Amino acid sequence: MPKRIESLVLHDSSTPTFGDIEKGGSVVITSLETLFDQARAHSIWPLTFGLACCAIEMMSTVAARFDLARFGSEAFRATPRQGDVMIIAGRLSKKMAPVLRQIYDQMPEPKWVISMGACASSGGVYNNYAIVQGADQVVPVDVYVPGCPPSPDALIYGIMKLQEKIKRKEAKTFKDLRLIEVSARTQEEVRA
Amino acid sequence: MAALESQEMVTITVNDVDLQVPKGELIVESVKRLGLEIPIFCYHPRMKPVGMCRMCLVEVGFKQQDGTVRKMPKPQAGCTLPADNNMVIYTDSEMVHRDRKGVLEFLLINHPLDCPICDRGGECPLQNNTLFYGPSTSRFTEVKRHALKAFPLSKYVTLDLERCIQCGRCVRFTEEISGDSQLAFRFRGASMQPSTFQMHEFESKFSGNVIEICPVGALTSSRYRFRARPWDLATRPAICTNCSNGCNIWFDYRAGKMVRINGRTNEAVNEEWTCDRGKFGHDWYNSERRLKQPMLRKGDKMVPVSWAEAYEAILQACPPSAGKMGGLVAGTVSNEGLYLFQKMLREVFGSNHVDYRWTRNRLSSSHPLSVGANPSNKLTPIAAYELFDSALIFATALADEQPMIYLRLRKGWSSKGTKVVVFADRPVEEKGFAALTVHYRPGSEDHVAEGLLKAGLAAGKVMVPGEVREKIEALSFDRIASFCDVTEGQFRQAVDLLSGTGVVVSSQSLLDLPEGVKTLEILADFSNGLGFDFNCYALGANDEGAARLGVLPDRLPNGRPLAEPGLDTAGILDAAARARISALWVVEGDPISRYHEKGDVVLALENVDFLIYQGTLANETANYASVILPMEAPAEQEGTYTNVEGRVQRMIQVVQEPGDAKQAWRIFGEILLRSGHSKPYFSASEVMEEIAQVVPSFGEVTYDRLEGEGLHLPLATSTDVLSEVN
Amino acid sequence: MGLLKDVVKPILGGMTLTARRAANLGKNIVTIQYPDEMREQYQRSRWRHYLTRYDSGLERCIGCSLCAGACPARCIYVEAAENTDTERYSPGERYAVRYEINMIRCIFCGYCQDACPTGAIVLRKDFELANYKREQFIYTKEMLLEKYPGQNLEPYRSKVTGVEAPIYTG
């Protein structure tokens, strides 16, 4: 490491990490982080989490007519290890909630969640004992997309909103402990 | 009521089904036995039929001897048609359907169809009948009638004449049920309209009912106006606690806020009516002054604290078992709360200074007229009031204080001619149907009672013990008249009218008079001498419960008298003013405004070391408090209430309590638990189980048995009257 | 010999297909370049709600709550009040003092539009509704109400690029 950069890094009181910019990282890492965010924003690989009818629209979003590849998000992954954004597409039943949370926990940082459609976002018409009234009771949601189901372009708009959020560094990372703590508590409640 | 002239059964045929019905029963009622329904507007089961709206048209014929049916040439109104032998009714024929369509189209000609903004929209009989029986379109293209819209007939009732279909339900209600005849029809034909005299204010104690019985949105509630639509509302059954009648109500709420009150049918209590005090008197549930958080006085300020801190402060400031605590409670607390209140004061604070009575004079529990002396004192069932031959209403504005008893008496007068004698010091509603109304000079009740007894003795109708007789006979009518302005003739006339089975009705507010106890005794002698029921009604929603559950300084809940009685209301206030007791626990209500001597109360509140105010609303008394405990209002809690006839009725939690407020019994139960005097109570029904074990008259009461009409306490009632009701 | 059959021939076959497609490059492209290009919208496609006004500027909504009654998701909340001569919002006696739609619960079924007796609530073509926080989805009366009559009648323009979304007519 060139001496100049080393001094910059080591003079800082805390070791800079991703997403810790506000607390005073170094110039180099900060700039790198911006670059990383650009990269992240333009290759958010979704994790398939189709739960109901919204999944059909989610699939058609990736197909030729709407072509999510234009946003670098064509690679739908069936494993949480390779997913960046979880698109919860459909009504989330209370039985599915622990599964959803487990898969969310298995995703590597940084990770994001899009709640697609009325049911995932709030329960929609299913205001009953079986459906979680909003996926944000289980996982922290970054972008809500209204619609029943949202059309592919509405979902693309949601993904663009997420890109914007990532670029503006407002996206949640593992440093945002409070929210994760809150969601962990709700997870326990759901399990109970 | 559908006129049941006789119990003779006749056979009628409804839609080819033979049916046995009492002779004279109205056809509109008879078909209900088959589960059929005839659409109606003007007909109301509790009022006389008039056949104004023609909605109930049915085809009628008579079976001839040769077995054929000879039909009447024109359809008949089912609501005015009494059943008779060989009658054949068709409710479903093509002609009937055509007639109904015609009637509805005719009614809708002048109806504005502003359903989207009408408060009745969604629960409107005209809407429903049009949907089920009416035409889908109108052929009427001409200009509709225009009339008065949104005219405030009174503080509570708004009149919209355009919507009126001239069924006359409101007019008949004020004539037949409430008896104030405030509404009448004026003009004729299409411009006929219900109206008060010269559109003056609609002054009635029962005006809210016309809103409910109006089959369209012509009469709507001014309070409820535009506040919600029926589908926005949730509703749950509740009990009205604004007076001691215990009327059954529907408590409609939206987003946790009380929106309106409607009458709920309970044949034993309020039939289906409500008084205006009950229907419009629940707005305080949404008041800004509701207490939400326990408060503790620190220095000059009231600081919000947690319940635990408040309890600690109370238990520290008031040493247990010292007998230095006084307790004053209002009759709007549930049975469970009242029972645990006296239990807490007696067991935790070792004090018998507990009372629920706010009148100037109080009967000691050993007094033969007090409930405490005889917990199974007879109470006349409300439903029995329509069966008496005569009644004496003494010094009480019945329509205000006991509205349901007023309605029953009036019903008795209109159905079987009950002779009602009224003694009052002010104009009263009963004058309209009373056989005799006597106005006496205010404050001279004891002399009036003496006069009555003397006239009774003179007429030889009343038997009383010798010493009373001597005392009364020593008086002269002239002397009595000089006090109360009632002449001998009037007394004699009153006594003449009181005969057969009867009842004497008075109110506990008599005890507010300096000579209250004496008046009550004379009146009881008079009543007993006549062989009448004697009722001196309490005014608080649960005063009857309080008396039976031992909220008295000289009686335990099981009726056992105490060797060393505690202080009663006046005694507690006096002791507090002289700092003989160190703490005062006031539950609900504002003693400053309720007690006849405001100065005594203020002196007591100022001088007592530690004042605990527990209530639903912030008021003047709360300003003196050391600790304020927020309490849930009746409809926010589980509990039971005992009404004037000794009927225990259950209240379920309807709306959420504001903030941290707790149920009364829970507060007392937690104090009991904290001081180690009791096991925890987890629900109101557990408290009731304990009450049932301790208090003999509540032995039968469990929450399961309180469904429906509630449970009448097993009291010694005038059996002949009650058996007639049952 | 196997080399020609197993390797060269398939490659040539595949490349022929590619070449044929390459010859057609620029024609028959199915992908819609949203947001630079907007997909045509159907005449009856239903998205964001608006509360409309009469030409006089008065609100059409009379606060009758029929939309709330018709809503299968119960996402509409209406509170009505009475017009006075000095403060008039809508013709007639009644107007909506509060009108809120929970856009995140709404399923855009359009029953509210069907139920509305005055045609006040309409669903138009604004589909770009995604946002970050739940609170942002409670659309209040101020957000729903048109600023002037017919404010949103023109074809929808994308929030991102301003490109107009054509209405499908064929």
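Order of the sequence lines sets the chain letters (A, B, ...), proteins ahead of strands, with each chain counted from 1. Predicted, not measured: the structure shown is a model, and the values here were computed from it.
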S.K.: Can you give me the closest heavy-atom contact between C/V160 and A/Y157, atom names plus distance?
M.R.: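 Looking at all heavy atoms of both residues, the shortest contact is CG2-CE1, 3.6 Å.
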S.K.: Atom OG1 in C/T31, atom CG in A/L68: separation rounded to 0.5 Å?
M.R.: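 Between C/T31 OG1 and A/L68 CG, I get 11.5 Å after rounding to 0.5 Å.
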S.K.: Side chains of C/R74 and A/N127: does their closest heavy-atom pair fall under 4.5 Å?
M.R.: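 No; the side chains remain at least 4.5 Å from each other.
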S.K.: By a 4.5 Å heavy-atom criterion (distance strictly below it), what part of C/Q33 contacts chain A: side chain, backbone, both, or neither?
M.R.: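 Answer is both: backbone and side chain atoms of C/Q33 are under 4.5 Å from chain A.
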S.K.: Counting only heavy atoms closer than 4.5 Å, note whether C/K159 contacts chain A via side chain, backbone, both or neither.
M.R.: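 Just its side chain gets close to chain A.
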S.K.: Please report the interatomic distance CG(A/D136) to NZ(C/K133), rounded to the nearest 0.5 Å.
M.R.: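 So the gap between those two atoms works out to 12.5 Å.
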S.K.: List the atom of C/F127, the atom of A/S151, and the distance in Å for their closest heavy-atom pair.
M.R.: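 Here C/F127 and A/S151 meet closest at CD1-OG, 4.4 Å.
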S.K.: Can you name the closest pair of heavy atoms from C/W47 and A/A154 and give their distance?
M.R.: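 Residues C/W47 and A/A154, closest heavy atoms: CH2-CB, 4.4 Å.
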S.K.: Is any side-chain heavy atom of A/V125 closer than 4.5 Å to a side-chain heavy atom of C/R105?
M.R.: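 In short, these two side chains do not touch, never coming nearer than 4.5 Å.
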S.K.: Find out whether C/R134 and A/S121 are in side-chain contact, i.e. whether some heavy atom of one side chain is under 4.5 Å from a heavy atom of the other.
M.R.: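 The answer is no; the side chains never approach within 4.5 Å.
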S.K.: Please determine whether the number of non-hydrogen atoms from other residues, nucleotides or ligands lying under 6.0 Å from atom OH of C/Y168 exceeds 12.
M.R.: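 12 or below, so no.
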S.K.: Against chain C, work out which of A/M160, A/R70, A/M116, A/Q133 has the most heavy-atom pairs shorter than 4.5 Å and name it.
M.R.: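 Of the options given, most contacts go to A/R70.
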S.K.: Quick check: are there more than 12 heavy atoms from other residues, nucleotides or ligands sitting under 6.0 Å from NZ of A/K95?
M.R.: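 Open: at most 12 neighbouring heavy atoms sit under 6.0 Å from NZ of A/K95.
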S.K.: Give the member of C/L129, C/I29, C/N102, C/N131 that has the highest number of heavy-atom pairs under 4.5 Å with chain A.
M.R.: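 The option with the most such pairs is C/N131.
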S.K.: Could you report the tightest heavy-atom contact between A/D153 and C/Y34, atom names first, then the distance?
M.R.: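 Heavy atoms only, the tightest pair is O-CE2, 3.5 Å.
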S.K.: Heavy-atom pairs under 4.5 Å with chain C: which of A/A118, A/G134, A/P146, A/G117 has the most?
M.R.: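 Winner by heavy-atom pair count: A/P146.
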S.K.: Can you tell me if CG on A/N128 sees more than 12 non-hydrogen neighbours from other groups inside 6.0 Å?
M.R.: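 More than 12 within 6.0 Å, yes.
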S.K.: Quick one: does A/V143's side chain get under 4.5 Å of C/Y132's, heavy atoms only?
M.R.: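 In short, these two side chains touch, coming nearer than 4.5 Å.
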S.K.: Sort C/R46 into side chain, backbone, both or neither according to what part of it lies under 4.5 angstrom from a heavy atom of chain A.
M.R.: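 When you check distances to chain A, no heavy atom of C/R46 falls under 4.5 Å.
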S.K.: Looking at C/P35 and A/F71, what are the two nearest heavy atoms and their distance?
M.R.: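 The pair with the smallest heavy-atom distance is CD-CZ, 4.0 Å.
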S.K.: Checking side-chain contact (heavy atoms from CB on, under 4.5 Å) for the pair C/R39/A/F66: CA distance, chi angles, key distance, verdict?
M.R.: CA-CA 9 Å; C/R39 174 161 71 119; A/F66 298 96; 3.5 Å; yes
S.K.: I need the A/S122 OG to C/I107 CD1 distance, nearest 0.5 Å.
M.R.: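 Spacing of OG (A/S122) from CD1 (C/I107) equals 10.5 Å.
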